[in-house]
Amino acid sequence: MQGRAGNVAGERRLLGQVLIDQGKITLPQLEEALLDQQRRGQRLGETFCQLGQLDPVAVREALVDQAGIPRAEVDSLTIPAEILAEVPAEVAFRHKVLPIASSKRSLSLVMADPFDRMVLEAVRVLCGKRIERYYCPEDELSEATRRLYGSSVARMIADLATDPAEPKADDPELTSQLQEMAREPSVVNLVNLVILEAVEAKASDIHVEPFEKAVHVKVRIDGVLREVAPPPKRLQPAIVSRIKIMAGMNIAERFVPQDGHISFAGPRGKIDIRVGTVPTIFGESVAMRILDRSAAMIDIESLGLPEDCKEPFCLLLRRPHGIVLVTGPTGSGKTTTLYAALRNIYTPEKKIITIEEPVEYQLEGVNQIPVNRKRGVDFANGLRAILRQDPDVIMVGEIRDRETADIAVRSALTGHLVFSTLHTNDAPGAVTRLLDMSLEPYLLASSLEGVLAQRLVRAICPDCKEPEPPRPELLERVGHGAANGGTFFRGRGCRSCRQSGYQGRTGIFELLRVTEPVRQAILRRASASEIAAVAPADHRPMREDGFRKAALGVTTLDEVLRVTQDVQSE
């Protein structure tokens, strides 16, 4: 298709006029922007964005209209596999493009940003053809790309299933055969696409699980595992070997656990992936943790702390010394909360050192030490070395044993502020857990300042959110007080949330401040329930915070009960 008539170079409408015709701005707004543009000496579209009159997407769509670039409707488009093959899936996902038609000399390419000359040139060199540009909004294009390339990969792995039989475990040339299989272009594209789709879906983990007659691939989205289209069992050695090569692992060693790291070029920049393998009776199981750098940049305000919890928690962060703990199960966001705490208190006047296993994100202005057990650096030894560095604030990734707990407590008593994590169900349980490590009660009572327990609950999808009164059996389970003054919602299920009704996660919290009655309870080795009974009057159990968020329409009662089913309700 060619551009619209009347948009030839000499007759092109001005951007301001296009925006007025589209009803996106008024004439006074245009005049204000033109004056500001003359003063700044920049493009008019940038000026509209800086003045807050338009967002970048609206400006781009106006520029597309001005340039006469046709818009492509891709929702129900069917594209032959031979056309999709001209632009590999990895390139399509990374650059947000989709080939829709091809001839001997030209390729019709749908683009989220048809003005990106670097992408145009990259695709032109790749296919050796002239590029005809089409435009489609990014969200629609991403959905179509996943749908179309997903079916293409299914056909591709079906073809691979007819390849020669997989190598036998006792074959002396097994390693070289695995290397050869792992470098097959189709296997490379398949693994790249699985990772790209997981990143696009904002998944936190990818799992490759071998079984006797099948290999399952699952992704964890908003804390829940979802299975994706499974590749043939025949491809299992090639897929696992490809991942191990990417992660810098030894593909010849298949009977001991291994750890590795992948730096992957994604659509929005570099993606860090932590990889672990373990041998099972049917082959190696692979877990890949996708590390979202944006999570490390979160601040205290964005954690979801309720107001009656956020202010006292921030006061704890400014104590001159003592221990502040964050507790919860694996994957509950403890490290994210500690990173937010460090960012909240950081100033150039403070020396902050952390010891972590592993260092997931790099924090500006913070000295971070990775645990390296092979070289004798564990939490206890690392913490001893940190104390010789004259720190003001110390973060210990996790307190796992008595030795680490004892050093952390003594560090707090000698004038350091110490942050760390524990795996406990609730805040009072952290005290009994430390006492179970044979920590002296008088040391713990003197050093502990507060414990923040947390879980992550799925948030209701904003695009399909609708009111829903709670079911009577739910009200009976949680108590009718949870529904007082609240309007409950649910997610109906839509394309944005992949029909789940949820999109993203937020935290539910319980803060235990260590006051004098709590210290006395620690000294007499009180149980978790006894410590909760003498907690400050404003102490609220974690489940109650969840009920409040459900009553505010943030999440659902079902989700709160699912996440807190192992937490004793007060």
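Start at 1 with the first residue, then count along the sequence. Just so you know, these numbers come straight off a predicted model, no measurement behind them. Just so it is clear, the values below take in all heavy atoms, side chains as well, and ignore hydrogens, waters and symmetry mates.
The aromatic rings of Tyr361 and Tyr339 sit perpendicular, their planes meeting at an angle over 60°, well past the 30° parallel limit.
With contacts defined as side-chain heavy-atom distances shorter than 4.5 Å, the pair Thr515/Pro536 qualifies. Put simply, the side chain of Leu448 reaches to within 4.5 Å of the side chain of Val451, judged on heavy atoms. Side-chain contact check for Phe489 versus Glu466: every heavy-atom pair is 4.5 Å or farther apart. In this structure, the side chains of Ser285 and Pro210 come closer than 4.5 Å at one or more pairs of heavy atoms. Within the 4.5 Å cutoff, the side chain of Met111 has no heavy atoms near those of the Leu98 side chain. In this structure, the side chains of Glu530 and Pro428 stay at 4.5 Å or more apart for every pair of heavy atoms. Side-chain contact check for Ser500 versus Arg226: some heavy-atom pair is nearer than 4.5 Å. Within the 4.5 Å cutoff, no side-chain heavy atoms of Val554 are placed close to those of Ile460.
We find the OG-NE2 distance between Ser447 and His321 to be 10.5 Å, quoted to the nearest 0.5 Å. Note that OG1 of Thr145 and CD of Glu197 are 10.0 Å apart. Values are rounded to the nearest 0.5 Å. Atoms CD1 and CG, on Ile399 and Leu383 in that order, are 8.5 Å from each other to the nearest 0.5 Å. Here Ile206 contributes atom CD1 and Ile243 contributes atom CD1; the two are 7.5 Å apart, rounded to the nearest 0.5 Å. Summarising the geometry, atom OG belonging to Ser420 is positioned 7.5 Å from atom CG belonging to Leu338; distances are rounded to the nearest 0.5 Å. Distance check: Tyr346 OH to Asp392 CG gives 11.5 Å after rounding to the nearest 0.5 Å.
Looking at Arg289 and Asp205, a side-chain N of the basic residue comes within less than 4.0 Å of a carboxylate O on the acidic one, giving a salt bridge. Looking at Glu510 and Arg543, no side-chain N of the basic residue comes within less than 4.0 Å of a carboxylate O on the acidic one, giving no salt bridge. Salt-bridge annotation for Arg274 and Asp259: absent, with no side-chain N of the basic residue lying under 4.0 Å from a carboxylate O of the acidic one. One finds a salt bridge joining Arg548 and Asp308 here, because a Lys/Arg side-chain nitrogen approaches an Asp/Glu carboxylate oxygen to under 4.0 Å. Look at Arg519 and Glu449 and you find a salt bridge, because one of the NZ, NE, NH1 or NH2 atoms lies within 4.0 Å of a carboxylate O, short of that distance. Note on Arg458 versus Glu559: salt bridge recorded, some NZ/NE/NH1/NH2 to OD/OE distance being below 4.0 Å.
Thr555 and Tyr502 share no side-chain donor-acceptor pair at under 3.5 Å. Side-chain N/O atoms of Asn192 and Arg94 include no donor and acceptor closer than 3.5 Å. Between Ser302 and Asp299, the side chains place a donor N or O and an acceptor N or O closer than 3.5 Å (distance only, hydrogens not considered).
What you find for Ile323 and Ala412 is that their closest heavy atoms are CG1-CB, 3.6 Å. The two residues Val409 and Leu444 make their nearest non-hydrogen contact at CG1-N, 4.4 Å. Residues Val219 and Ala203 come closest through the heavy atom pair CB-CB, 4.1 Å. Considering all non-hydrogen atoms of both residues, Ile300 and Cys314 come closest at CG2-SG, 3.8 Å. When all heavy atoms of Pro441 and Ile522 are compared, the closest pair comes out as CB-O, 3.6 Å. Residues Glu356 and Pro358 approach most closely at CB-O, 3.5 Å, considering heavy atoms.
Using a distance-only test at 3.5 Å, with no hydrogens or angles considered, no donor-acceptor pair links the side chain of His95 to the main chain of Val119. Of the possible donor and acceptor atoms, none in the side chain of Ser142 sits under 3.5 Å from a partner among the backbone N and O of Asp139. Gln368 places a side-chain N or O within 3.5 Å of a backbone atom of Leu363 that can act as its donor or acceptor partner. When atom types are taken as modelled, the side chain of Lys350 and the backbone of Val393 share no donor-acceptor pair closer than 3.5 angstrom. The main-chain N or O of Gly333 is found under 3.5 Å from a side-chain atom of Gln454 such that the two form a donor-acceptor pair. Within the 3.5 Å criterion, the main-chain N or O of Val215 finds no donor-acceptor partner in the side chain of Glu209. Side-chain N or O atoms of Arg455 include one that pairs as donor or acceptor with a backbone N or O of Val563 at under 3.5 Å. For the pair Thr564 (side chain) and Val560 (backbone), a donor-acceptor distance under 3.5 Å is present. Asp545 contributes a side-chain N or O that, together with a main-chain N or O of Phe509, makes up a donor-acceptor pair within less than 3.5 Å. Panel note: side chain Arg220, backbone Gly223; a donor-acceptor pair is recorded below 3.5 Å.
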**OP:** Let me see the working for Val286 and Val275 under side-chain contact (heavy atoms from CB on, under 4.5 Å), right down to the final yes or no.
**Re:** CA-CA 7 Å; Val286 182; Val275 184; 4.0 Å; yes
Subject >> Test log, rule salt bridge (charged side-chain N to carboxylate O under 4.0 Å, His left out), inputs Glu544 and Lys549 >> reply: CA-CA 9 Å; Glu544 186 172 322; Lys549 285 185 167 66; over 6 Å; no
Subject >> Steps toward side-chain contact (heavy atoms from CB on, under 4.5 Å) verdict (Leu452, Leu305) >> reply: CA-CA 10 Å; Leu452 181 73; Leu305 285 162; 4.0 Å; yes
Subject >> Test log, rule salt bridge (charged side-chain N to carboxylate O under 4.0 Å, His left out), inputs Arg513 and Asp538 >> reply: CA-CA 10 Å; Arg513 292 183 293 111; Asp538 58 357; 3.0 Å; yes
Original post:
Should Arg433 and Asn425 be marked as a side chain to side chain donor-acceptor pair (under 3.5 Å) after you check the CA-CA gap, both sets of side-chain angles, and the distance that decides it?
Top reply: CA-CA 10 Å; Arg433 175 70 180 276; Asn425 291 335; over 6 Å; no
Subject >> Derivation and outcome, side chain to side chain donor-acceptor pair (under 3.5 Å), residues His423 and Glu398 >> reply: CA-CA 9 Å; His423 287 95; Glu398 183 183 348; 2.9 Å; yes
**OP:** Before giving the answer on side-chain contact (heavy atoms from CB on, under 4.5 Å), spell out for Asp272 and His261 the whole-Å C-alpha distance, their side-chain angles and the decisive distance to 0.1 Å.
**Re:** CA-CA 7 Å; Asp272 292 327; His261 179 267; 3.7 Å; yes
Subject >> Step-by-step side-chain contact (heavy atoms from CB on, under 4.5 Å) determination, Phe419 to Ile345 >> reply: CA-CA 12 Å; Phe419 299 150; Ile345 65 171; 3.8 Å; yes
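Shown here is Glu227, whose CD atom has more than 12 heavy atoms of other residues, nucleotides or ligands within 6.0 Å. Within 6.0 Å of the NZ atom in Lys351, the count of heavy atoms belonging to other residues, nucleotides or ligands exceeds 12.
Exactly one residue among Val396, Ile369, Asn367, Thr354 makes a side chain to side chain contact (heavy atoms under 4.5 Å, CB included) with Ile386. That residue is Ile369.
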